[in-house]
A.B. asks: 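Structure below; questions to follow.
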Amino acid sequence: MATILTVEDAYPGVDAELLKKACHGWGTDEKAVISILAHRNAPQRKLIREAYKDMYGEDLVKRLEHELSGDLERAVYRWNLDPADRNAVLANVALRKEHRDHRVFIELSCTLSPEELFDVKRAYQCRYKRSLEEDIASHTSDDLRKLLVGLVSIHRYQGDEVNLKLANSESSILRNAIEEKTFNHEEILRIITTRSKPQLMATLNHYKDEHGCNMTKQLKDDRANEYTETLRTTIRCMSDPIKYFEKVIRNAVKKSGTNEDALTRVIVTRAEKDLKIIMDQYQKRNSVPLDHVIAKETSGHYKRFLLALLGKDE
């Protein structure tokens, strides 16, 4: 599932010393930084940061932020943060963009457990002295605000239990709202933002069986509407995260000019989870290995770092 190739017998103190040497002098040894950090898992990277702090009295993440630049700096910076803190940073970056990327909040809500999402919100509040819900609310409005705040606010039930009778009735509620084109109906928001993932999948599957098409296809008619497109993206991410992330990557590399921010986000956040499956899906969908595309569409040390996280060192 994961793609990174880790070194099991690595020593945090030795790694910290090597990283110090890589950052010493006039120029930074980016290859050395990549060879170490791209092959250490999250617990190992945390131990390296702690060892570096003890040995040299400074924060390794801040040192690397100073030593590196551009896309490589952003990728390495996010890679070295604890997962909850990293997601908090990604959320804040998404809010500060001129064209806000609502996919970040969808990914947090749809792919994290309630406990993991709670940790992200706690990290966000600790880092920015405001709640994630507060900041989303201040940067959005109307139906979009209700949807996004609802997604990150709820503590979804995690169990596998499914009520088929409820799935049937809520499928009808969704169908009625879609037919009337009241995509912002409060019942749609309630169902999408509060139901457990298995319960919601049962409802959406019943919808497809009963009406012969996915709910997302019927939302395509209103793609110009930001709220409707966000709702559609939420359902897609919840229904099949692998296909969702494959599409994020595909869109990031297929347009004129690579979207490095989206590409980095997926690779950095999924490399220790399910990036291998996403890569397989990408090759199946596009008939070309993802690492070949990364090698073509990126360059320099940034390319070298991404390929290392894919388990494809040059």
Side-chain angles (χ1 to χ4, degrees), residues 1-7 30-31 33-42 44-45 68-81 83 86-87 89-91 93-94 97 101-108 110-112 116 216 232-314:
M1 302 272 265
T3 54
I4 65 164
L5 305 174
T6 58
V7 177
E30 288 91 349
K31 288 185 178 180
V33 172
I34 293 169
S35 69
I36 296 170
L37 294 176
H39 297 287
R40 303 294 186 271
N41 59 32
Q44 290 174 322
R45 297 195 302 276
L68 306 175
S69 62
D71 295 320
L72 176 64
E73 181 272 316
R74 284 185 287 273
V76 171
Y77 174 78
R78 293 168 186 179
W79 177 246
N80 279 289
L81 295 174
R86 175 202 301 149
N87 282 321
V89 168
L90 290 173
V93 168
K97 285 183 178 180
D101 193 344
H102 302 132
R103 293 176 301 178
V104 174
F105 314 119
I106 293 169
E107 291 161 17
L108 294 179
C110 296
T111 67
L112 299 181
E116 289 170 331
T216 51
R232 182 171 172 269
T233 302
T234 300
I235 296 171
R236 285 181 46 247
C237 186
M238 186 81 75
S239 300
D240 195 330
I242 299 301
K243 287 185 178 180
Y244 165 84
F245 283 117
E246 182 279 326
K247 187 171 183 179
V248 174
I249 292 176
R250 177 164 26 104
N251 288 339
V253 298
K254 80 175 185 180
K255 298 178 180 178
S256 56
T258 303
N259 184 342
E260 288 86 1
D261 192 61
L263 183 62
T264 298
R265 184 179 79 249
V266 176
I267 292 178
V268 165
T269 59
R270 311 313 296 183
E272 294 180 90
K273 294 184 176 181
D274 51 12
L275 188 54
K276 178 64 171 63
I277 306 174
I278 296 169
M279 290 176 66
D280 291 342
Q281 177 66 26
Y282 186 91
Q283 183 161 359
K284 179 181 178 181
R285 174 66 173 73
N286 303 280
S287 301
V288 58
L290 178 58
D291 55 294
H292 290 188
V293 177
I294 298 294
K296 179 182 177 182
E297 299 295 332
T298 61
S299 61
H301 295 299
Y302 174 61
K303 175 181 75 173
R304 184 173 288 108
F305 183 64
L306 293 188
L307 289 176
L309 294 187
L310 293 175
K312 304 287 184 178
D313 293 87
E314 290 186 306

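Owing to the predicted nature of the structure, the values given are computational and were not obtained by experimental measurement.
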A.B. asks: Roughly how far apart are Asp240 CG and Cys110 SG, rounded to 0.5 Å?
C.D. replies: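 With rounding to 0.5 Å, CG (Asp240) is 12.0 Å from SG (Cys110).
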A.B. asks: Which residues satisfy the salt bridge (Lys or Arg N to Asp or Glu O under 4.0 Å) test with Lys31, sequence neighbours excluded?
C.D. replies: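 Lys31: no salt bridge (Lys or Arg N to Asp or Glu O under 4.0 Å) contacts found.
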A.B. asks: Output yes when Asp280 and Lys276 qualify as a salt bridge under the 4.0 Å nitrogen-oxygen rule, no when they do not.
C.D. replies: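 Yes, Asp280 and Lys276 are salt-bridged.
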A.B. asks: Would you mind reporting whether Gln44 and Thr6 have side-chain heavy atoms less than 4.5 Å apart?
C.D. replies: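 In contact.
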A.B. asks: Show the nearest heavy-atom pair for residues Trp79 and Val268, with the distance to one decimal.
C.D. replies: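 Answer, listing the atom of Trp79 first, then Val268: CZ3-O, 3.6 Å.
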A.B. asks: Do Val33 and Leu72 come close enough that some side-chain heavy atom pair is under 4.5 Å?
C.D. replies: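 The answer is no; the side chains never approach within 4.5 Å.
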A.B. asks: For the residue pair Ile106 and Cys237, what are the closest heavy atoms and their distance?
C.D. replies: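 Nearest pair, atom of Ile106 first, then Cys237: CG2-CB, 3.8 Å.
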A.B. asks: What's the spacing between His39 NE2 and Leu309 CG if we round to 0.5 Å?
C.D. replies: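 Going from NE2 on His39 over to CG on Leu309, the span is 8.5 Å.
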A.B. asks: Can you list the steps and then say if Tyr302 with Thr264 is a side chain to side chain contact (heavy atoms under 4.5 Å, CB included)?
C.D. replies: CA-CA 10 Å; Tyr302 174 61; Thr264 298; 2.7 Å; yes
A.B. asks: In the structure I gave you, are the side-chain heavy atoms of Ile294 and Ile267 within less than 4.5 Å of one another anywhere?
C.D. replies: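 Ile294 vs Ile267: side chains touch.
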A.B. asks: Could you give the distance from OG1 (Thr258) to CD (Glu297), rounded to the nearest 0.5 Å?
C.D. replies: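 Going from the OG1 atom of Thr258 to the CD atom of Glu297 covers 4.5 Å.
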A.B. asks: If you look only at pairs with a residue in residues 259-272, which of them pass as a salt bridge (charged side-chain N to carboxylate O under 4.0 Å, His left out), with sequence neighbours excluded?
C.D. replies: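 Pairs touching residues 259-272 that pass the test: Arg45-Glu272, Arg78-Asp261, Lys97-Asp261, Asp101-Arg265, Glu107-Arg265, Arg270-Asp274.
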A.B. asks: Looking at Ala308 and Asp313, what are the two nearest heavy atoms and their distance?
C.D. replies: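 The pair with the smallest heavy-atom distance is CB-OD2, 3.5 Å.
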A.B. asks: Here's a test for you: under side-chain contact (heavy atoms from CB on, under 4.5 Å), which of Ile277, Ile242, Val293, Leu275 qualifies with Tyr282?
C.D. replies: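 Filter result, single survivor: Val293.
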A.B. asks: Please name all residues satisfying side chain to side chain contact (heavy atoms under 4.5 Å, CB included) with Gln283, sequence neighbours left out, ordered by chain then number.
C.D. replies: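 For Gln283, the residues satisfying side chain to side chain contact (heavy atoms under 4.5 Å, CB included) (neighbours in sequence not counted) are Pro289.
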A.B. asks: Is any side-chain heavy atom of Val76 less than 4.5 Å from a side-chain heavy atom of Glu73?
C.D. replies: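 No, too far: nothing below the 4.5 Å cut-off.
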A.B. asks: List the atom of Leu68, the atom of Glu30, and the distance in Å for their closest heavy-atom pair.
C.D. replies: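 Closest approach of Leu68 to Glu30: CD2-CG, 3.8 Å.
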A.B. asks: What is the distance from atom OG1 of Thr234 to atom NE2 of His102, rounded to the nearest 0.5 Å?
C.D. replies: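 Rounded to the nearest 0.5 Å, the OG1-NE2 separation comes out at 10.5 Å.
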A.B. asks: Supply the atom-to-atom distance Phe245 CZ to Ile249 CD1, rounded to the nearest 0.5 angstrom.
C.D. replies: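 Rounded to the nearest 0.5 Å, the CZ-CD1 separation comes to 9.0 Å.
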A.B. asks: With side chains defined as the heavy atoms from C-beta onward, is the minimum distance between Thr269 and Leu90 less than 4.5 Å?
C.D. replies: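 Of all side-chain heavy-atom pairs linking Leu90 with Thr269, at least one is under 4.5 Å.
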A.B. asks: Tell me, do Asn80 and Leu37 make a side-chain contact under 4.5 Å, heavy atoms counted?
C.D. replies: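 In short, these two side chains touch, coming nearer than 4.5 Å.
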A.B. asks: Tell me the closest heavy-atom pair linking Asp291 and Leu307, and the distance in Å.
C.D. replies: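 Of all heavy-atom pairs spanning Asp291 and Leu307, the closest is O-CD2, 3.6 Å.
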A.B. asks: So do Lys247 and Arg236 actually touch side chain to side chain, heavy atoms under 4.5 Å?
C.D. replies: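 They are in side-chain contact.
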A.B. asks: Determine whether Lys312 and Leu290 make a side-chain contact, defined as any pair of heavy atoms from C-beta on separated by less than 4.5 Å.
C.D. replies: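 Sidechains of Leu290 and Lys312: no contact.
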A.B. asks: Rounded to the nearest 0.5 Å, what's the gap from CG on Asp71 to NE2 on His301? Could you check?
C.D. replies: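 If we round to the nearest 0.5 Å, Asp71:CG and His301:NE2 are 13.0 Å apart.
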